[in-house]
Trainee: 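One structure, as structure tokens, below. Some questions next.
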Amino acid sequence: MAGQRVRTRFAPSPTGYLHVGGLRTALYNYLFAKKMNGDFVIRIEDTDQSRRVEDAEKNLISSLEWAGIVADESPVRGGNYGPYVQSQRLSIYRDYCMQLLEERNAYYCFSTAEELEENRQLQLKQGLQPKYNRKWLPEEMGGNMPSSEVRKKMEEGAPYVVRMKVPDYVSVWFEDLIRGPIEFDSATIDDQVLMKSDGFPTYHFASVIDDHLMEFTHIIRGEEWLPSMPKHLLLYEFFGWEPPKFAHLPLLLNADRSKLSKRQGDVAVEDYIRKGFSSEAIVNFVALLGWNEGEGSEQEVFSMNELIQKFSLERVGRAGAVFNVEKLNWLEKQYIKTRPVAQIVSNIKPLLLEELKGRPFEMPEPLITSDAYLGKVVDLMRERVNYEHEFVTFSSYFFFEPESYEPEAVQKRWTSEIPALLQEFATVLESCGEFTAESIEEALKAFVVPKGLKPALLIHPLRIVASGVSFGPSLYHMLEVLGKETVLRRIVRGIDRIGQGS
RNA sequence: GGCCCCAUCGACUAGUGGUUAGGUCACCACCCUUUCAAGGUGGCAGCACGGGUUCGAAUCCCGUUGGGGUCACCA
């Protein structure tokens, strides 16, 4: 075992989209593997055909790759331990099941679902733990069922499942990498179904076999799996396999501290992508939900490479963490503030092109779609925007004429003297040689001061006619970027449309 | 209910016997300022409780309380 190459896995079932909790589990597996120079593997656990969702596998993998989590081995990539889809490994499970049967660590069970349910209700009524009553445990394994009965049912072709025989009164013990020693009493463990009546294995059976055959060294998964550890450990024991190391991650929580679920907000990674969050922010945020660098570190922003470098299971906490979006919002802004201009420009351009198709605009298209122009918009807006798409949607006046003028702003800033003043100032601007922030500022001050007026008197109305809203970047810089022609046009139109004010 | 896990500001957390219990988000105030942001400064706010152990406990032990997970032919 020592010196062995580290191998970890993320093993989702293809029943829907990628859950943010799943993303974190995958991320920790990935970070740990990469940190240790090992392999990260994706395996698809599709042993429940009834819950199979079309395209889920593809979505899962593409969401992970969006986040920058790329597997070394997976159904699409292949590898030396395949197939990586459990439904393609059925014969393997069948063989190992036979072995358990022969060694009397498992037995056939012909109880019907109705029978089981009846039994459950009865036990519940008696105040007992609902547990399989071992009706079909054969005599030679310490039960009451004669083997002739089992044979008879078999010959009839009756549907059956295979259950593991949990030994009585043994205690099962293991050392969790995050939680330390944990002990279970076998008396509380049910005779878990291993093979279902449709010939598919259950999760417990398939994952133990695959985890062994695929030679994973560390199983990093959610805390919800802790209670089924003894079953898994027993299976390793039956087969005489050395179990891998286990690390059970704390849960991601809702605001009320229950297990993170839909109904109380978005849980799908896709939801956050749609809202406009970047993979850097999501990965950064989710990494910090349960892990921290420790040792007095005050770093909050981590790149994937830094995470790989700094990650360790020892620094993973034990208590659940509330998935609180406020900090995610802040992180997103941090990334927008520091992302290279060229990258943002190339990210937002397709969105802008799309917008331009559906809305009338008057500024020259080659200009407003140029990298130079977009770069200026980004510089002006990057500290005022929450998501990249807001460069287009939140500050649309850089591309489209204002459709309306914020009533509160007009009410506050548009006095009866403004139209004439703006009219006059427009002629000043028109004769302006250079149309730069500096020259505009100079011109405005030179215009206003002799009249005994304050710059603000004109600044606000100018902003309103130019952008339609009361907030935004530095007025002078904004006007410079918009350009003389556009600014003059908007002044005239603004005066016309707002009129004498209220 | 049985079993298992967990417990530091509202949230994420640092802290591994001696600290004025630190940082970040959010919130509040002030500064900067043409607006909105960004930024700066300051502030509010926490060791669930009770017993031990110890000269000394957020830190170690036990218990209580609280929260969560899990008890399927789902994963």
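Below, each value reflects all heavy atoms present in this structure, side chains not excepted, and no hydrogens, waters or symmetry copies. As the structure is a prediction and not an experimental result, all values here were calculated from the model. Here is how names work: the chains are called A, B, and so on, in the same order as the sequence lines, proteins then strands, and each is numbered from 1.
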Trainee: When the C1' atoms of B:G23 and B:C30 are considered, how many whole Å apart are they?
Mentor: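 After rounding to an integer number of Å, I get 22 Å for this pair.
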Trainee: Please determine, by modelled atom types, if A:S63 and A:E270 share a side-chain donor-acceptor pair under 3.5 angstrom.
Mentor: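 No pair is found: no donor N or O on one side chain lies under 3.5 Å from an acceptor on the other.
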Trainee: Please report the distance, rounded to the nearest Å, between CZ in A:F285 and C1' in B:C12.
Mentor: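 Nearest whole value for this atom pair: 8 Å.
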Trainee: Would you measure the distance from the P atom in B:C4 across to the matching atom in B:G22 and give it in whole Å?
Mentor: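 Going atom to atom, P in each nucleotide, I get 37 Å.
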Trainee: For A:Q299 and A:E306, which I'm curious about, is there any donor-acceptor pair between the side chains at under 3.5 Å?
Mentor: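 There is such a pair between these side chains.
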Trainee: Which base, if any, makes a Watson-Crick or G-U wobble pair with B:C71, both distances under 3.5 Å?
Mentor: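 By the stated definition (distances under 3.5 Å), B:G1 pairs with B:C71.
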Trainee: For nucleotides B:U13 and B:C6, find the distance between their P atoms and express it as a whole number of Å.
Mentor: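 Their P atoms lie roughly 15 Å apart.
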Trainee: How far does the C1' atom of B:C12 sit from the matching atom of B:G51, given to the nearest Å?
Mentor: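 One C1' to the other, the span is 32 Å.
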Trainee: Dump the pairs, protein N or O against N or O of nucleotides 3-5 of chain B, anything under 3.5 Å, distances to one decimal.
Mentor:
{"residue": "B:C5", "atom": "O2'", "partner": "A:R179", "partner atom": "NH1", "Å": "2.6"}
{"residue": "B:C5", "atom": "O2'", "partner": "A:E223", "partner atom": "OE2", "Å": "3.0"}

Trainee: Using the P atoms only, state how far B:C36 lies from B:C31, rounded to an integer number of Å.
Mentor: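 Per the computed distance, 14 Å lies between those P atoms.
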Trainee: Once you round it to whole Å, what is the distance between P of B:A72 and CD of A:E115?
Mentor: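 To the nearest whole Å, that distance equals 17 Å.
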Trainee: Using a distance-only test with no angle check, is there a side-chain donor-acceptor pair under 3.5 angstrom linking A:D210 and A:Y93?
Mentor: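 Yes - a donor-acceptor pair under 3.5 Å links their side chains.
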Trainee: What integer distance in Å separates A:N284:CG from B:U13:P?
Mentor: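 About 14 Å, once rounded to whole Å.
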Trainee: Rounding to a whole Å, what distance do you find between A:M164:CE and B:A72:P?
Mentor: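 That distance rounds to 15 Å.
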Trainee: Check step by step if salt bridge (charged side-chain N to carboxylate O under 4.0 Å, His left out) holds for A:K376 and A:E480.
Mentor: CA-CA 10 Å; A:K376 287 182 205 165; A:E480 175 187 325; 5.5 Å; no
Trainee: What is the ring orientation for A:F447 with A:F425, classed by angle as parallel under 30°, tilted 30 to 60°, or perpendicular over 60°?
Mentor: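 Rings of A:F447 and A:F425: tilted, 30 to 60°.
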Trainee: Which is more 5' along RNA chain B, the nucleotide nearest A:E298 or the one nearest A:T47? Just name the residue.
Mentor: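 It is A:E298, whose closest nucleotide lies nearer the 5' terminus.
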Trainee: Please report the distance, rounded to the nearest Å, between NE2 in A:H19 and C1' in B:C74.
Mentor: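 It is 15 Å, rounded to the nearest whole Å.
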Trainee: In whole angstrom, give me the gap between the P atoms of B:G39 and B:U59.
Mentor: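 My reading of the P atoms in B:G39 and B:U59 gives 37 Å.
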Trainee: Look at A:K337 and B:G39 and indicate whether a side-chain polar atom (N or O) is within less than 4.0 Å of OP1 or OP2.
Mentor: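 Answer yes for this pair, as a side-chain N or O of A:K337 is under 4.0 Å from OP1 or OP2.
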Trainee: Is it the case that B:G1 (base atoms only) and A:Q129 (side chain only) share a donor and an acceptor within less than 3.5 Å, ignoring hydrogens and angles?
Mentor: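 Side chain to base: pair found, below 3.5 Å.
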Trainee: Let me know the distance between NE2 of A:H477 and P of B:U33, rounded to the nearest Å.
Mentor: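 Roughly 15 Å, once rounded to whole Å.
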Trainee: So which one's nearest nucleotide on RNA chain B is more toward 5', A:D48 or A:G317?
Mentor: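 Its nearest nucleotide lies further toward 5', so the answer is A:G317.
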Trainee: When you check the side-chain N and O atoms of A:R315 and A:N292, is any donor under 3.5 Å from an acceptor?
Mentor: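 A donor-acceptor contact under 3.5 Å links the two side chains.
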Trainee: Taking atom P in both B:U64 and B:G1, compute the distance separating them and give it to the nearest angstrom.
Mentor: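 The answer is 13 Å between these two P atoms.
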Trainee: Answer yes or no for A:R384 and A:F471: cation-pi contact, defined as NZ/CZ to six-membered ring centre under 6.0 Å and angle to ring axis within 45°.
Mentor: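 Judged by the rule (NZ or CZ under 6.0 Å from the ring centre, within 45° of its axis), A:R384 is not positioned above A:F471.
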Trainee: Output the single nucleotide from B:U34, B:C25, B:G68 whose closest atom is nearest the side chain of A:K259.
Mentor: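 Nearest to the side-chain atoms of A:K259, counting from C-beta on, is B:G68.
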Trainee: Taking atom P of B:U24 as reference, at what distance in whole Å does atom CG of A:L289 sit?
Mentor: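 That distance rounds to 18 Å.
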Trainee: Find the distance A:Y397:OH to B:U35:P and express it as a whole number of Å.
Mentor: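 Spelled out: OH on A:Y397 to P on B:U35 is 15 Å.
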Trainee: Ignoring hydrogens and angles, does a donor from either the side chain of A:S474 or the base of B:U34 sit under 3.5 Å from an acceptor on the other?
Mentor: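 Such a pair is found, so the answer is yes.
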Trainee: Between B:C62 and B:G67, how far apart are the two P atoms, rounded to whole Å?
Mentor: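 After rounding to an integer number of Å, I get 22 Å for this pair.
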Trainee: Looking only at N and O atoms, is any donor in the side chain of A:T202 or the base of B:C73 less than 3.5 Å from an acceptor on the other one?
Mentor: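 A donor-acceptor contact between them is absent.
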Trainee: Using a 3.5 Å distance criterion without hydrogens, assess whether the side chain of A:D266 forms a donor-acceptor pair with backbone atoms of A:Y272.
Mentor: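 No, A:D266 side chain to A:Y272 backbone: no donor-acceptor pair under 3.5 Å.
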